[in-house]
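Only a predicted model underlies this, so the values are computations on that prediction, with no experimental measurement involved. In the text below, chain A, chain B and the rest are named by the order of the sequence lines, each starting its count at 1.
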Protein chains: 2
Amino acid sequence: MSRRKEYTPQQLKELILSNAERIIAQHGRAGLTARALAETIHYSPGTIYNVYEDMNALMVDVNYETLGRLQAYCQQKIATLPADFSRVSGLAYAYADFARENLRAWEAIYAPSRKMEHDNAPALPEYYQQRLADIFLMVENTLIDCLKLPQPTASSSARLLWACLHGITVLNLNGTLGLVGVEQPHAMIDDLLTQYLARYL
Amino acid sequence: MSRRKEYTPQQLKELILSNAERIIAQHGRAGLTARALAETIHYSPGTIYNVYEDMNALMVDVNYETLGRLQAYCQQKIATLPADFSRVSGLAYAYADFARENLRAWEAIYAPSRKMEHDNAPALPEYYQQRLADIFLMVENTLIDCLKLPQPTASSSARLLWACLHGITVLNLNGTLGLVGVEQPHAMIDDLLTQYLARYL
DNA sequence: CAAAATATTGAACATTGTTCAATAGAAAAG
DNA sequence: CTTTTCTATTGAACAATGTTCAATATTTTG
């Protein structure tokens, strides 16, 4: 069996990746099984393993794409905002909004690898880490451009704010804070930014 | 088969729970399988299902215990500290330190339920949510006692700081921030607290 | 056209969570 | 003490998972 002319290896990989993304958007990480994915693309489970080392490797690619969409989403959101505090808060809102609008894909980024293998956490590839670094840089530059933070401060503040933003988003989406309402995250973000960045406003 | 005199139902539940905690501490959530647990207590897998609805119900109890230990850990750490800013930062350090020292148990709290069941997120029981509320109250009262925050402010600030703390801890432990060093979390916490709470210092 | 290369398969294996009829042993009844 | 009832415990069985790999169908090459 073979369908050599159907797809180039490249196209096949993209077919697998895009369908994996679609399944995750609909049913979350838990819904992405080798068999379910194989069925949607009309291949057998084994084929997936010819393209990806294992399901985790596929997840890395999926998450990489998600990060890319997150970055694009943020950039698009802040593009029209003036270079002042409103752009900083717009960027922060964008993170929270993206997580809400792409809940299952966003959750998958932080979902632990399924394999137990009693300890090993596989290191993330270079290009993946580079994209993370790019995102941090976006935050850092926004702080510099809009609030005139000095370089070294901007770098550490960007990381801190990103982490806080992440925590706010996680706990709001999983209900730990015991509150509901879509406006809650934005109110918390406002509070964080105005207090933490008070010196620069 | 039966060992009626070996353990009361209560004792058997405690035996299961305590051994589940030990396995998680050693091998993480992924290492806690029904069969592995059954083996350590010299029972069969089926017995676990006579005591707990399913493995997720057991995880809820494990996480409940972890939260209890977290709370006790925090209270013990701040007990000797003066009622000023040092107690606030001591409490924040305690959270980060507990997560590091009890990494696998702490991770398990936020690990998603294994079952896919294409959407349902089982609500956490009342007593579990109560313990979470107690922890928030501890933070809230610390802010009031040490920094004289007014009531309504203290409540929302406690939740915000808790969320930020969580984000800082998550991203540091999973390496997203691309930095190492045990002192990193403490430095970030210092930065967060001194800036966010500047008005009250 | 035959031969070599290769893309694809799908059955098979190990491990999960989970169920439940069967049963071994204790408790109750006689 | 024997018989009956009850119940705690079992462990085989089922479905679903990730993963492997010899077999095979198809293309490419000689």
Asker: Quick one: does NZ or CZ of B:R69 land under 6.0 Å from the six-membered ring centre of B:F98, within 45 degrees of the ring axis?
Answerer: no
Asker: Locate the shortest heavy-atom distance separating A:M55 from A:R29; write the atom from each residue and the value.
Answerer: CB-NH2, 4.5 Å
Asker: Could you tell me how far apart A:R29 (CZ) and D:dT17 (P) are, to the nearest whole angstrom?
Answerer: 11 Å
Asker: Rounded to whole Å, how long is the line connecting atom CD1 of A:I16 with atom P of D:dG18?
Answerer: 14 Å
Asker: By nearest nucleotide on DNA chain D, pick out whichever of B:N50 and B:R35 is the more 5' one.
Answerer: B:N50
Asker: Which nucleotide, C:dT8, D:dT9, C:dT18, lies nearest any side-chain atom of B:M55?
Answerer: C:dT18
Asker: Using the side-chain heavy atoms of A:Y43, tell me which of these nucleotides is nearest: C:dT9, D:dT10, C:dT18.
Answerer: C:dT9
Asker: To the nearest Å, how far apart are B:I48 CD1 and C:dT19 C1'?
Answerer: 14 Å
Asker: To the nearest angstrom, how far is B:E39 atom CD from C:dT15 atom P?
Answerer: 12 Å
Asker: Do A:Y73 and A:D97 get their side chains close enough for a donor-acceptor pair, meaning under 3.5 Å?
Answerer: no
Asker: Tell me: OH of A:Y7 to C1' of D:dT26, nearest whole Å?
Answerer: 17 Å
Asker: Please list, one pair per line, the donor and acceptor atoms closer than 3.5 Å that link side chains of residues 122-130 of chain A to other protein atoms, with sequence neighbours excluded.
Answerer:
{"residue": "A:Y127", "atom": "OH", "partner": "A:D61", "partner atom": "OD1", "Å": "2.9"}
{"residue": "A:Q129", "atom": "NE2", "partner": "A:L124", "partner atom": "O", "Å": "3.2"}
{"residue": "A:Q130", "atom": "NE2", "partner": "A:D134", "partner atom": "OD1", "Å": "3.1"}

Asker: Quick one: B:L15 CG to D:dT9 P, roughly how many Å, whole number?
Answerer: 11 Å
Asker: Using atom CG of A:L32 as one end and atom C1' of D:dG18 as the other, report the distance to the nearest whole Å.
Answerer: 12 Å
Asker: Taking 4.0 Å as the cut-off, does a side-chain nitrogen or oxygen of A:S44 come that near to OP1 or OP2 on C:dT8?
Answerer: no
Asker: Parallel under 30°, tilted from 30 to 60°, perpendicular over 60°: which one fits the rings of A:Y7 and A:Y43?
Answerer: tilted
Asker: Rounded to whole Å, please give me the gap between CD in A:E6 and P in D:dA25.
Answerer: 18 Å
Asker: For the side chain of A:T47, starting at C-beta, report the closest nucleotide among C:dT8, D:dG18, C:dT18.
Answerer: C:dT8
Asker: So does A:Y49 get a side-chain nitrogen or oxygen closer than 4.0 Å to the phosphate oxygens (OP1/OP2) of D:dT20?
Answerer: no
